[in-house]
Amino acid sequence: MAGVDDLYLLAVRCYECHSVSNEEVVAAGHVAGTSDFELTTWFSGEVRHNFAPYTMDVEDDEINMLASNVWLAKQEGRDPAARKRLMYVVGQLADLVVNLRNRGAATGEGTFATSAASRSVAAHVRLKQIAEHSKIAELLEATAAVESVRNLLFLPPQESQEPLFVEAAEGIAQAARDFMAKYDGAPLKVIEPLLPRERKGQPFQP
């Protein structure tokens with residue numbers, strides 16, 4: 001997980017667990033997900049998935065907070081700060097894809113639908129900030145896809161809504177893949193002020 005090159009695939013897997021995708025499970029009493037989950041905040045904290053030191057410098061911990069040494073070791077000159085910027089953007093895209101699908105699959109009002117709608121709105125706000133700062137076409141396309149269903153998010157779920165949410169999610173997923181094919185984190189330096197500075201818990205040190 002720590003060394004994977006396809007950050008979008010990694011992010012989707014993370015959000016599929018932290019946003020429960022089974023309405024019956026949630027209706028039976030399971031939490032709908034981790035409401036405060038955000039990929040970079042958690043990945044740099046207690047679930048870093050990266051325990052081996054990258055260098056022997058005193059800044060080991062800060063370097064490893066930004067990017068996995070497994071990923072860094074694959075190619076000389078990789079930039080940990082750029083990796084973190086990329087992870088933040090891809091995290092918002094994955095959050096939207098997973099939770100728009102969840103909202104589309106909802107069959108009735110309740111925690112499952114409301115949680116998916118709330119997470120979608122929060123991720124959309126963050127992605128719009130990123131898109132406005134970066135002016136990257138794929139990110140602007142992804143934000144526009146959300147607009148097509150935004151007014152439906154908190155309405156009572158209906159079967160006729162699901163195709164609209166699926167279409168929006170698929171549009172964002174395609175934009176995410178196109179984005180990943182064209183960009184690394186270097187052109188995203190402009191979004192540095194938007195990155196979360198906190199980390200979730202303290203990293204485990206074996």
Can you confirm whether Glu167 is buried at CD, in the sense that more than 12 heavy atoms of other residues, nucleotides or ligands lie under 6.0 Å from that atom?
no
CD (Glu24) with more than 12 external heavy atoms under 6.0 Å:
no
Does the distance from a Lys or Arg side-chain N to an Asp or Glu carboxylate O, for Arg101 and Glu16, drop under 4.0 Å?
no
Does the plane of the ring in Phe37 sit parallel, tilted or perpendicular to the ring in Tyr15? Use 30° and 60° as the thresholds.
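Perpendicular, since the angle between the ring planes exceeds 60°.
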Side chains of [X] and [Y] in contact at under 4.5 Å (non-hydrogen atoms):
{"X": "Val89", "Y": "Tyr183", "value": "no"}
{"X": "Gln174", "Y": "Glu141", "value": "no"}
{"X": "Asp79", "Y": "Arg85", "value": "yes"}
{"X": "Phe154", "Y": "Val121", "value": "yes"}

Approximate separation, where rounding is to 0.5 Å, of Glu132 CD and Leu194 CG
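It comes to 9.5 Å.
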Nearest 0.5 angstrom please: Leu93 CG to Phe179 CZ, how far?
7.0 Å
Of all the heavy-atom pairs spanning Leu139 and Ser134, show the shortest one and how long it is.
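So the minimum-distance heavy-atom pair works out to CD1-OG, 3.8 Å.
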How close do Ala186 and Ala82 get, heavy atom to heavy atom, and via which atoms?
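Closest approach of Ala186 to Ala82, heavy atoms only: N-CB, 3.8 Å.
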